[in-house]
J.: 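Before I ask anything, here is the structure I am working with.
Residue numbering restarts at 1 for every chain, and letters A, B, ... go by the order of the sequence lines. It should be emphasised that the depicted structure is a prediction, and the values quoted were computed from it without experimental measurement.
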Amino acid sequence: YTNAQMEKLKPQVEQLRREAQVQPMKVSAASSNLIAFMATNLPQDPLVPNNGPIQDNPFEEKKKCSVL
Amino acid sequence: QKPTTSSSDKKAETSSSSKKAEPAAAENASRAAESIELLAREAEELRMKLDAERNKLNDIPIEQAADRLSPLPHTGIKSRRLLKGHAGKVLCMDWSMDKRHIVSSSQDGKVIVWDGFTTNKEHALTTATTWTMACAYSPSSQLIACGGLDNKCSVVPLSFDDDIQQKKRFRAVATHTSYMSCCMFLRSDNLLLTGSGDSTCAIWDVESGQLIQNFHGHTGDVFAIDVPRCDTGNIFISAGADKHSLVWDIRTGLCVQSFDGHEADINTVRFHPNGDAFATGSDDASCRLFDLRADRQVCIYEKESILFPVNGVDFSASGRILFAGYGDYRVGVWDSLKATRHTTLYGHENRISCLKSSPDGTAICTASWDCTIRV
């Protein structure tokens, strides 16, 4: 009974000790990073239309050219 | 008259001899109980300390920071391809790195490889098990991994031999002690990462079938795994029935970070394209965004009107959009920063089981219990 408890507790405590060593960042700083990443990559995001050059959509049905 | 003297003498005798052994046993027992109590107290203190730290740093919610951003324009996303051919519920799909081919697996044990552009079926394989819960394309696109209720993950090279020949080439690489719920190749054709109902994850050498590393820590079935898109890290993430997401160090097998928040099973997990955050979807009908460096949940995507489990999540290429596939057959298109639902995509006729963005973000693919796949 007590051995089983030990076996369960020990790795949990070791895990928590490891986690306690992580120095976390403020949420506002993390948010800034996410927003900055998005801002850099948004113009090339194929699923978010923008006013830039129209990107080729490989899944769009190709329109047929009509030759006059 | 009872012979009390003799029986009490016997009692005195036995109790004195056992009393000699008693102190030693009692002492050991009490020492063990004491160290357990100390450990339990340390665990509790550490948990409280961690929670306090994380709450201290929870200064400004992300939606507030995102307030200044202009709203998402109308995306015009719609279903452009319908892949029909499975006779059973489609449980999983994966994109090839060529951004065009898709592999899917279903409840009836069939695995199909599709050309996503033409909708043609290029390969149709029958596995030895039903409920093929997971399938994956290798980075070179030459191998497929799949498995499920057979507790295994098998690998087969794709070729244009007929199906019977192909069936012979299925080779079991991973073996768990319960169903295999998720699998993916780890940066090469020779490393396979699996998650299982036996609550562990594992990395296997594809050629030899040898177990390279296993990962113990979840206290419930593992339902989902993911690896960051950017190649340099040495971590992966897993999530499941214990409502926790765990970040693992691949080399040591140790869990380096854990995240809680969800109120029910987590069915899906996906890294943000920046590699420092991830999203999860759960039976609690919410999706959540967690940041590795803030070490906590930073956003939740939920609405009172959304009641069904989330079975698949993925991001658009910039991370701005979070797509979520629900049990009510719909896809939610969320502004991941403002935490608002931008639109809903309709089309499937049964619950969505899997959702993945293509490698270059030009499309998302959804698999459903309605036996179809949509791009």
J.: Does any part of the side chain of A:Met6, heavy atoms only, come nearer than 4.5 Å to the side chain of B:Ser35, both counted from C-beta?
T.: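 SC-SC contact between B:Ser35 and A:Met6 confirmed.
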J.: Any side chain to side chain donor-acceptor pair (under 3.5 Å) pairs touching residues 19-30 of chain A, not counting sequence neighbours?
T.: A:Gln15-A:Glu19, A:Glu19-B:Arg54, A:Glu19-B:Ser258, A:Ser28-B:Asp59
J.: Shortest non-hydrogen contact from B:Ala363 to A:Phe59?
T.: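 It is CB-CE1, 3.6 Å.
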J.: So, taking the atom named CD in B:Glu42 and the one named CG in A:Leu16, what distance separates them when rounded to the nearest 0.5 Å?
T.: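 Rounded to the nearest 0.5 Å, the CD-CG separation comes to 8.5 Å.
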J.: Listed by chain and number, what are the salt bridge (charged side-chain N to carboxylate O under 4.0 Å, His left out) partners of B:Asp360, not counting sequence neighbours?
T.: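 For B:Asp360, no residue satisfies salt bridge (charged side-chain N to carboxylate O under 4.0 Å, His left out) once neighbours in sequence are set aside.
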J.: Is there side-chain contact between B:Arg296 and A:Val27, with at least one heavy-atom pair below 4.5 Å?
T.: yes
J.: Please classify the contact between B:Arg81 and chain A as side chain, backbone, both or neither, with a heavy-atom cut-off of under 4.5 Å.
T.: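 When you check distances to chain A, only side chain atoms of B:Arg81 fall under 4.5 Å.
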J.: What verdict does the side-chain contact (heavy atoms from CB on, under 4.5 Å) test give for A:Met38 and B:Leu69, after you've listed the backbone C-alpha separation in whole Å, the side-chain angles of each residue and the deciding distance to 0.1 Å?
T.: CA-CA 11 Å; A:Met38 184 270 317; B:Leu69 298 172; 3.8 Å; yes
J.: Quick one: closest heavy-atom pair of B:Ile60 and A:Ser31, and the distance?
T.: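 So the two residues come closest at O-OG, 4.4 Å.
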J.: Are the side chain of A:Arg18 and the backbone N or O of B:Cys255 linked by a donor-acceptor pair below 3.5 Å?
T.: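 Yes, the answer is positive, given that a donor and an acceptor are paired below the 3.5 Å cut-off.
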J.: Looking only at heavy atoms, what is the nearest atom pair of B:Leu337 and A:Leu34, with distance?
T.: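 In this case the closest contact between B:Leu337 and A:Leu34 is CD2-CB, 4.3 Å.
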J.: Top residue by heavy-atom pair count (under 4.5 Å) with chain B, among A:Ser32, A:Ala39, A:Pro24?
T.: A:Pro24
J.: If you measure from CG on B:Leu46 to CD on A:Glu14, what distance do you get to the nearest 0.5 Å?
T.: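 Nearest 0.5 Å value for the CG-CD distance: 11.5 Å.
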J.: Could you tell me which portion of B:Phe315 (side chain, backbone, both or neither) has an atom closer than 4.5 angstrom to a non-hydrogen atom of chain A?
T.: neither
J.: Taking NZ in B:Lys338 as the centre, count heavy atoms belonging to other residues, nucleotides or ligands within less than 6.0 Å. Is the count above 12?
T.: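 Above 12, so yes.
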J.: Within this structure, what is the CG-CG distance for the pair A:Leu42 and B:Leu72, rounded to the nearest 0.5 Å?
T.: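 Rounded to the nearest 0.5 Å, the CG-CG separation comes to 7.5 Å.
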J.: Name the member of B:His74, B:His272, B:Lys99, B:Lys56 that forms the most heavy-atom pairs with chain A at distances under 4.5 Å.
T.: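 Highest number of heavy-atom pairs under 4.5 Å: B:His272.
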J.: Search all heavy atoms of A:Ala20 against all heavy atoms of B:Leu50 and return the closest pair with its distance.
T.: CA-CD2, 3.7 Å
J.: Please rank B:Val375, B:Leu254, B:Val298 by heavy-atom pairs under 4.5 Å with chain A and give me the top one.
T.: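 Counting heavy-atom pairs under 4.5 Å, the top option is B:Leu254.
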J.: Under a 4.5 Å cutoff for heavy-atom pairs, which residue among B:Ile62, B:Ile321, B:Asp295 has the most contacts with chain A?
T.: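 The candidate making the most pairs under 4.5 Å is B:Ile62.
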J.: Do you know which of A:Ile35, A:Val22, A:Asn41 has the most heavy-atom pairs under 4.5 Å to chain B?
T.: A:Ile35
J.: Do you know which two heavy atoms are closest between A:Phe37 and B:Ala317, and how far apart they sit?
T.: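 Scanning both residues, the minimum pair turns out to be CE2-O, 4.0 Å.
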J.: With a 4.5 angstrom heavy-atom cut-off, could you sort out which part of B:Asp291 is near chain A: side chain, backbone, both or neither?
T.: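 Side chain only.
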J.: What distance separates A:Gln5 CD from B:Glu37 CD, expressed to the nearest 0.5 Å?
T.: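 Between atom CD of A:Gln5 and atom CD of B:Glu37 there are 10.5 Å.
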J.: In Å and rounded to the nearest 0.5 Å, what is the NZ to CG distance from A:Lys10 to B:Leu39?
T.: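 So the gap between those two atoms works out to 8.0 Å.
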J.: Hey, does A:Leu47 have a side-chain heavy atom less than 4.5 Å from the side chain of B:Thr362?
T.: no
J.: Where is the tightest heavy-atom contact between A:Leu9 and B:Ala40, given as atom of each residue plus distance?
T.: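 Here A:Leu9 and B:Ala40 meet closest at CD1-N, 3.9 Å.
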J.: Who among B:Ala32, B:Pro273, B:Ala29 has the most heavy-atom pairs with chain A under 4.5 Å?
T.: B:Pro273
J.: Give the C-alpha distance, both sets of side-chain angles, the deciding distance and a yes or no for side-chain contact (heavy atoms from CB on, under 4.5 Å) between A:Asn33 and B:Asp276.
T.: CA-CA 9 Å; A:Asn33 287 338; B:Asp276 291 322; 5.9 Å; no
J.: Where on B:Arg68 is there a heavy atom nearer than 4.5 Å to chain A: the side chain, the backbone, both, or neither?
T.: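 The side chain, not the backbone.
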